[in-house]
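Since we're looking at a predicted model, the values are computed, not measured. Values reported hereafter were calculated over all heavy atoms of this structure, with side chains retained and with hydrogens, waters and symmetry mates removed.
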Amino acid sequence: MNLVRRIGVLTGGGDCPGLNAVIRAVVRAATAGPRSVEVVGIEDGFDGLVGDDSAPRVRPLTAAGCRGILSRGGTILGSTNRGNPFAYPVRQPDGAIVTMDVSDRCLARIAALGLDALIVIGGDGTLAIAHDLALRGANVVGVPKTIDNDLSATDVTFGFDTAVHVAVEALDRLKTTAESHDRMMVMEVMGRYAGWIALHAGLAGGAHAILIPELPYELGTLAAHLQRRAASGANHHLVVVAEGARPQEGELSFASDIQASPGALRRLGGAAATVAKGLEPLGIETRTLVLGHLQRGGTPTQRDRLLATAFGARAMELVWAQSFDRMVCLRGTTFGDVPLADAVGQQKLVEPNGELIRMARSIGIGFGA
Ligand code: F6P
């Protein structure tokens, strides 16, 4: 018996290439064949459910309406880091912002919309909310996304490959100009507190030094590495710096404090500038580049499209099986699922003595540590 007649889909947290591919796969899997169910898209993550509007912000999603979105970056549903139903920011008459638990409103609106299940596509924070809603009775399936690739319950998340691809292309471009001018290029990439993007992009893009959060660097060690390169005839240097990289005797670099949005994460930024400043005594002409949101925008790679499509289809399989409070994942070559409780709050970091690092060191890449 088909007990699922109507489902909701939302995308939460920062956007990421491949979100639309998941939405498309969910809609196609849900509406193809005899068990066809209605799919409702919820706008702007959980904010579309719990926002101050008199009604939830939703729109019907059909296979026809999803045509052409496979290759489109971003999310057609919109997304936000705000809107946590368990800590919803509410402005007080005096202008102060306090957080309130509006999860009852969230659950009531899920019921009012007649949603038999909710597919939540998001990173760690969004999936933690999904799990908390499941504990309160919502039929939730999670789909992991993040360019940072730092979720431990899945080998890889979509968006990561695209981010690395963009960073590698940037390095290829930086290399030719660095060679022409005998310069050092210091490029900062995203990744938050994990060094996956920096490590993969650095390796694939021919970086000479890679600084990652998991291996706090020592400026003297990094400088000596670059000096050795220069002494051996290298006329240019490419240094990739993860935004979460920090010196052994120093602090993380933050771009700004977030005051207006309680619960929001502090924004990292400035790590490359710190490194470039520290290397000034070397006397090498240096330029820095912060790659920023270029890594998140634009069309997903074929690998991310495939991963996102498979995750979307697998999420629908869980819905059909009424297997809720779970997250889809990839382990090796198998698409599976894990309890959301085991998936959230477990960061996957680069192993400082792992194979990739050892291999990188063996081909002469410096880590400043
Ligand atoms: O988690 C994804 C990510 O792109 C991080 O790599 C980065 O630190 C952060 O989000 C940037 O967030 P925002 O889009 O809010 O500036």
Cluster check Leu294, Leu171: I/L/V/M/F/W/Y, side chain < 4.5 angstrom: yes
field: Backbone N/O of Asp148 and side chain of Thr146: donor-acceptor pair under 3.5 Å
entry: yes
field: Close side-chain approach of Leu70 to Asn20, heavy-atom, < 4.5 Å
entry: no
message: What I want to check is whether the side chains of Thr299 and Arg305 have a donor and an acceptor closer together than 3.5 Å.
response: yes
query: How far apart are the closest heavy atoms of Pro144 and Thr154, and which atoms are they?
result: CG-CG2, 4.2 Å
query: Does any N or O in the side chain of Glu285 come within less than 3.5 Å of the main-chain N or O of Asp182, such that one atom is a donor and the other an acceptor?
result: no
message: Would you say CZ of Arg72 has more than 12 non-hydrogen atoms from neighbouring residues, nucleotides or ligands within 6.0 angstrom?
response: no
Face-on cation placement of Arg266 at Phe254 ring, 6.0 Å and 45° thresholds: yes
message: ring-ring contact (aromatic ring centres under 6.0 Å, His included) for Phe367 and His225? Distances and angles first, verdict last.
response: CA-CA 9 Å; Phe367 287 89; His225 171 72; 8.9 Å; no
- prompt: If you take all heavy atoms of Leu10 and Leu77, which pair is closest and at what distance?
  reply: CA-CD1, 4.3 Å
message: Can you tell whether the side chains of Asp337 and Arg326 come within less than 4.0 Å, N to carboxylate O?
response: yes
query: Are any non-hydrogen side-chain atoms of Thr126 and Phe46 less than 4.5 angstrom apart?
result: yes
field: Heavy-atom donor-acceptor pair, Arg6 side chain to Gly114 backbone, under 3.5 Å
entry: no
query: Are more than 12 heavy atoms from other residues, nucleotides or ligands located less than 6.0 Å from atom CE of Met359?
result: yes
Glu355 vs Arg358, salt bridge (Lys or Arg N to Asp or Glu O under 4.0 Å): CA-CA, chis, key distance, verdict: CA-CA 5 Å; Glu355 206 168 346; Arg358 282 192 288 113; 5.2 Å; no
message: Does this structure show an ion pair linking Asp104 with Arg136, if we count only N-O contacts that are shorter than 4.0 Å?
response: yes
query: Would you say the side-chain atoms of Asp325 pair up with the backbone N or O of Ala134, donor to acceptor, closer than 3.5 Å?
result: no
- prompt: Is the side chain of Glu243 donor-acceptor paired with the backbone N or O of Gly191 at a distance under 3.5 Å, no angle test?
  reply: yes
statement: Exactly one candidate in Arg57, Arg82, Arg105 meets salt bridge (charged side-chain N to carboxylate O under 4.0 Å, His left out) with Asp47; the answer is Arg57
query: If you take all heavy atoms of Pro89 and Ile97, which pair is closest and at what distance?
result: CB-CG2, 3.7 Å
- prompt: So, Lys145 side chain and Val22 main chain: donor-acceptor pair closer than 3.5 Å or not?
  reply: no
message: What I want to find out is whether Asp116 reaches Arg5 closely enough, with some N-O distance under 4.0 Å, to be called a salt bridge.
response: no
- prompt: Are Leu219 and Met187 linked, directly or through other ILVMFWY residues, by side chains that come within less than 4.5 angstrom of each other?
  reply: no
message: Strictly distance-based, threshold 3.5 Å: is any side-chain N or O of Thr11 a donor or acceptor partner for the main-chain N or O of Gly78?
response: yes
Residue that, paired with Asp304, satisfies side-chain hydrogen bond (donor to acceptor under 3.5 Å, both in side chains) out of Thr162, Thr157, Thr309: Thr162
- prompt: Within the side chain of Glu214, is there an N or O that forms a donor-acceptor pair under 3.5 Å with the backbone of Glu351?
  reply: no
query: Taking all non-hydrogen atoms of both residues, which atom of Ala178 and which atom of Leu238 are closest, and how far apart?
result: CB-CD2, 4.5 Å
message: Any heavy-atom pair between the side chains of Ile212 and Ile357 that's under 4.5 Å?
response: yes
message: Whether the side chain of Trp196 engages the backbone of Lys348 through a donor-acceptor N/O pair (distance < 3.5 Å, no angle test) should be reported.
response: yes
message: Between Gln346 and Leu151 (side chain of the first, backbone of the second, donor and acceptor by atom type, cut-off under 3.5 Å), is there such a pair?
response: no
query: Should we say atom CD of Gln92 is surrounded by more than 12 heavy atoms from elsewhere, each under 6.0 Å from it?
result: yes
task: Determine whether more than 12 heavy atoms belonging to other residues, nucleotides or ligands lie under 6.0 Å from atom CZ of Arg183.
output: yes
message: If the threshold is 4.0 Å, N to carboxylate O, is there a salt bridge linking Glu280 and Lys277?
response: yes
field: Basic-acidic side-chain contact under 4.0 Å: Arg59, Glu43
entry: yes
Stepwise side chain to side chain contact (heavy atoms under 4.5 Å, CB included) test for Leu307 and Phe160: CA-CA 11 Å; Leu307 187 57; Phe160 173 63; over 6 Å; no
field: Co-membership, hydrophobic cluster, residues Val156 and Val189, 4.5 Å side-chain
entry: yes
- request: Determine whether the aromatic ring centres of His236 and His208 lie less than 6.0 Å apart.
  value: yes
field: Where Ala170 and Leu291 come nearest, the two heavy atoms and their spacing
entry: CB-CD1, 3.9 Å
- prompt: When hydrophobic residues are tied together by side-chain contacts of less than 4.5 Å, even through go-betweens, does Ile147 share a cluster with Val290?
  reply: no
message: For a quick test of reading the model, state the closest non-hydrogen atom pair linking Leu222 to Ala209 and the distance between them.
response: CD1-CB, 3.7 Å
field: Test log, rule side chain to side chain contact (heavy atoms under 4.5 Å, CB included), inputs Leu107 and Leu133
entry: CA-CA 8 Å; Leu107 293 165; Leu133 287 174; 4.1 Å; yes
